Amino acid sequence: MQIFFDFFAYVRKKQYLCTRKGLDMKKRIVILGIESSCDDTSAAVIVDGELRSNVIASQKVHEEYGGVVPELASRAHQLNILPVVDTALKRAGVTKEELSAVAFTRGPGLLGSLLVGTSFAKGLALALDIPIIEVNHLQGHVMAHFVEPSEELRAKSEEIKHPEFPFLCLLVSGGNSQIIRVKSQESRVKRYMPEMEIIGQTIDDAAGEAFDKCAKVLGLPYPGGPWIDKLAKLGDPNKYPFAKPNIAGYDYSFSGLKTSFLYTLRDMLKAHGVETVDALAEQVPNLKEDLCASLQATVVDILMRKLKRAAKDLGINRVAVAGGVSANSALREAFVDYGKRYGWEVFIPPFSFTTDNAAMIAQAGYFKYLDGDFCPIDAVPYAKTTI
Ligand code: KG4
């Protein structure tokens with residue numbers, strides 16, 4: 001019955017939009033999504049709600065610097081954006097003339113990087129005389145759970161389970177650690193884009209940043225999260241008891257953990273009379289593996305404890321995870337484990353939708369298109385913003 005009502009509302013909305021914009025009602029809704037907030041240039045195409053392509057060009061240029069260099073990121077976006085968009089359109093089997101709207105990440109992120117995607121979206125939309133749709137990057141990550149891959153893409157990826165409302169989403173990336181309450185918008189007219197509210201967030205560093213900085217101290221390449229994950233599989237998670245924060249409410253803190261990790265290493269270097277981590281590793285068997293396993297276990301414990309408290313207090317038992325750090329194997333296992341222990345229905349995205357991608361931006365764009373939520377052509381990107 002609900003499906004029938006949803007479909008009816010969809011047709012009515014499409015009819016309304018088409019009348020307003022003088023478009024052909026029978027025409028497909030084709031959304032191009034563009035993501036350029038950090039160091040991934042990505043474009044995706046959604047046709048009538050179905051993801052047809054999702055192309056990502058990751059920038060390798062930052063590896064040797066141990067972190068993203070903003071100026072290099074913008075230059076790489078400039079080089080990548082045209083071929084990435086072109087490939088996304090071709091893979092989706094659509095021409096640019098068939099596009100209904102261009103959705104782009106307006107922020108938060110690196111200003112120079114965002115400027116490339118925003119300017120490209122505006123230029124293309126102006127040339128094609130179609131609307132642009134701004135997407136908040138953080139909301140985009142949550143929307144990854146609503147992507148509906150085409151049959152062809154489904155064959156290459158895991159299934160994406162769509163959560164019902166309300167649900168909690170733990171958003172963990174290189175720049176954010178937040179608990180978001182997601183619910184349907186309270187409005188007389190059906191709204192497709194849900195309402196999101198941050199109920200807890202980091203007061204200093206993000207979980208991904210803690211992984212990346214600690215990995216750098218160990219001499220691991222950037223981004224360090226996947227390396228920590230890999231080494232942790234060979235280590236003892238209880239070997240090094242790092243400090244855990246004691247923060248009120250549902251907020252997080254990871255700067256103390258970073259310091260605790262650094263001091264543990266500093267004290268060991270001193271005790272063994274060596275100056276480098278590699279020299280220490282020759283004396284202490286399994287050093288890096290045990291440090292990584294202990295760090296990872298501490299991060300996961302910090303994240304899950306607050307999430308558990310929020311789910312209990314708010315009486316919500318649908319819990320999702322999103323963002324780059326949701327690729328972490330221990331965090332994914334913890335979700336499954338908590339799900340079993342506390343009766344949660346858990347939503348874990350396929351790996352390809354954890355890190356930055358344009359499919360999630362196109363999905364948010366598709367919902368906003370159905371809601372008639374367009375933005376002015378003079379919209380400028382923003383480096384910092386909340387949901
Ligand atoms: O969402 P994302 O691609 O970019 C933004 O920050 O917006 O997240 C990148 C973060 C990096 O900090 C990276 O180290 C972390 O995600 N990451 C991981 C893993 N894969 C990526 N952290 C832990 N374990 C992983 N397997």
Side-chain angles (χ1 to χ4, degrees), residues 35-42 54 56-60 62-63 66-68 70 73 77 105-111 113-114 117 135-145 169-178 180 201-202 205-218 220-233 235 237 252 254 257-258 261 291-304 320-335 348-361 383-387:
E35 158 62 33
S36 72
S37 65
C38 191
D39 58 341
D40 292 299
T41 321
S42 182
N54 184 31
I56 305 171
S58 300
Q59 304 174 1
K60 299 274 169 240
H62 310 286
E63 271 171 18
V68 177
H77 281 306
T105 304
R106 187 171 175 187
L110 299 172
L111 213 45
S113 294
L114 289 164
V135 177
N136 177 307
H137 181 77
L138 309 176
Q139 293 197 350
H141 272 299
V142 179
M143 296 321 289
H145 287 283
C169 186
L170 175 70
L171 172 57
V172 267
S173 67
N176 297 281
S177 297
Q178 303 175 326
I180 302 167
Q201 59 188 323
T202 181
D205 301 334
E209 195 179 339
F211 276 135
D212 294 339
K213 294 273 162 61
C214 292
K216 194 172 179 182
V217 172
L218 292 181
L220 300 171
Y222 177 85
W227 290 91
I228 301 240
D229 195 351
K230 209 165 147 186
L231 287 176
K233 291 195 170 75
Y252 289 118
F254 290 99
L257 173 59
K258 256 176 28 186
F261 185 89
L291 280 170
C292 289
S294 303
L295 174 73
Q296 181 174 276
T298 312
V299 170
V300 170
D301 188 55
I302 294 171
L303 289 172
M304 295 309 289
V321 62
V325 180
S326 68
N328 184 268
S329 57
L331 184 60
R332 293 169 88 90
E333 279 163 23
F335 257 74
I348 305 168
F351 284 107
S352 48
F353 293 102
T354 55
T355 43
D356 290 347
N357 65 85
M360 63 190 200
I361 303 303
K384 280 196 182 354
T385 186
T386 184
I387 271 179

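Along the sequence shown, residues are numbered consecutively beginning with 1. Remember, it's 1-based here, ligands and their atoms both numbered in the order they're listed. Please read these numbers as outputs of a predicted model, since none were measured by experiment.
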Practice task
Determine, using heavy atoms of H141 and all atoms of ligand 1, whether some pair is separated by less than 4.0 Å.
Solution key: yes
Exercise for the section: Select the closest option to atom 12 (O) of ligand 1 among L331, D356, D212, N357, judged by heavy-atom distance. Expected result: D212
Completion exercise
Nearest heavy-atom approach of N54 to A358 is OD1-N, 3.5 Å
Handout entry: Minimal non-hydrogen separation, A207 against V299, with atom names
Key = CB-CG1, 4.1 Å
Practice task
Find the distance between CG (L295) and CD1 (I228) and round it off to the nearest 0.5 Å.
Solution key: 5.0 Å
Exercise for the section: Would you kindly specify which portion of T355 sits under 4.0 Å from ligand 1, judged on non-hydrogen atoms: side chain, backbone, both or neither? Expected result: both
Exercise for the section: From the options A232, A330, P226, select the one whose nearest heavy atom is closest to atom 19 (C) of ligand 1. Expected result: P226
Handout entry: Residue and atom name of the nearest protein heavy atom (relative to atom 24 (N) of ligand 1), distance in Å to one decimal
Key = N328 ND2, 3.0 Å
Practice task
Could you tell me whether ligand 1 has any atom less than 4.0 Å away from a heavy atom of C38?
Solution key: no
Practice task
Distance to 0.1 Å, residue and atom name: give those for the protein heavy atom nearest to atom 26 (N) of ligand 1.
Solution key: D229 OD2, 2.9 Å
Practice task
Give the C-alpha distance, both sets of side-chain angles, the deciding distance and a yes or no for side-chain contact (heavy atoms from CB on, under 4.5 Å) between H137 and M360.
Solution key: CA-CA 9 Å; H137 181 77; M360 63 190 200; 3.7 Å; yes
Completion exercise
For D212 and P223 the tightest heavy-atom approach is OD1-C, 3.8 Å
Problem - Contact (N/O only, under 3.5 Å) between E209 and ligand 1 - result: no
Exercise for the section: Determine which pairs satisfy salt bridge (charged side-chain N to carboxylate O under 4.0 Å, His left out) with at least one residue from residues 295-304, sequence neighbours left out, and list them in order. Expected result: K244-D301, D301-R305
Problem - Any N/O pair F211/ligand 1 closer than 3.5 Å - result: no
Exercise for the section: Just go through P108, G109, G225, G67 and tell me whose heavy atom is the nearest to atom 18 (C) of ligand 1. Expected result: G225
Practice task
Would you mind running through ligand 1 and noting each atom that sits below 4.0 Å from a heavy atom of S173?
Solution key: 1 (O), 5 (C), 6 (O), 7 (O), 8 (O)
Fill in the blank from the handout: All heavy atoms of F351 vs all of A327, minimum pair found to be CE2-O, 3.3 Å
Completion exercise
Closest to atom 15 (C) of ligand 1 among protein heavy atoms sits V325 CG2, 3.9 Å
Practice task
Closest by any non-hydrogen atom to atom 17 (N) of ligand 1: pick that one out of G324, A327, G175.
Solution key: G324
Practice task
For ligand 1, indicate whether the residue H137 contacts it via side chain, backbone, both or neither (heavy-atom separation under 4.0 Å).
Solution key: side chain
Practice task
Before accepting this row, confirm whether a basic side-chain N of the pair D229/K233 lies closer than 4.0 Å to the acidic partner's carboxylate O.
Solution key: yes
Exercise for the section: Could you tell me the separation between the CD atom of Q139 and the CG atom of L171, rounded to the nearest 0.5 Å? Expected result: 10.5 Å
Practice task
Just jot down the ligand 1 atoms closer than 4.0 angstrom to any heavy atom of G208, in number order.
Solution key: 12 (O)
Practice task
Give yes or no for whether the N/O distance cutoff of 3.5 Å, strictly under, is met between G174 and ligand 1.
Solution key: yes
Fill in the blank from the handout: Taking every heavy atom of V68 against every heavy atom of C38, the minimum-distance pair comes out as CG2-SG, 4.1 Å
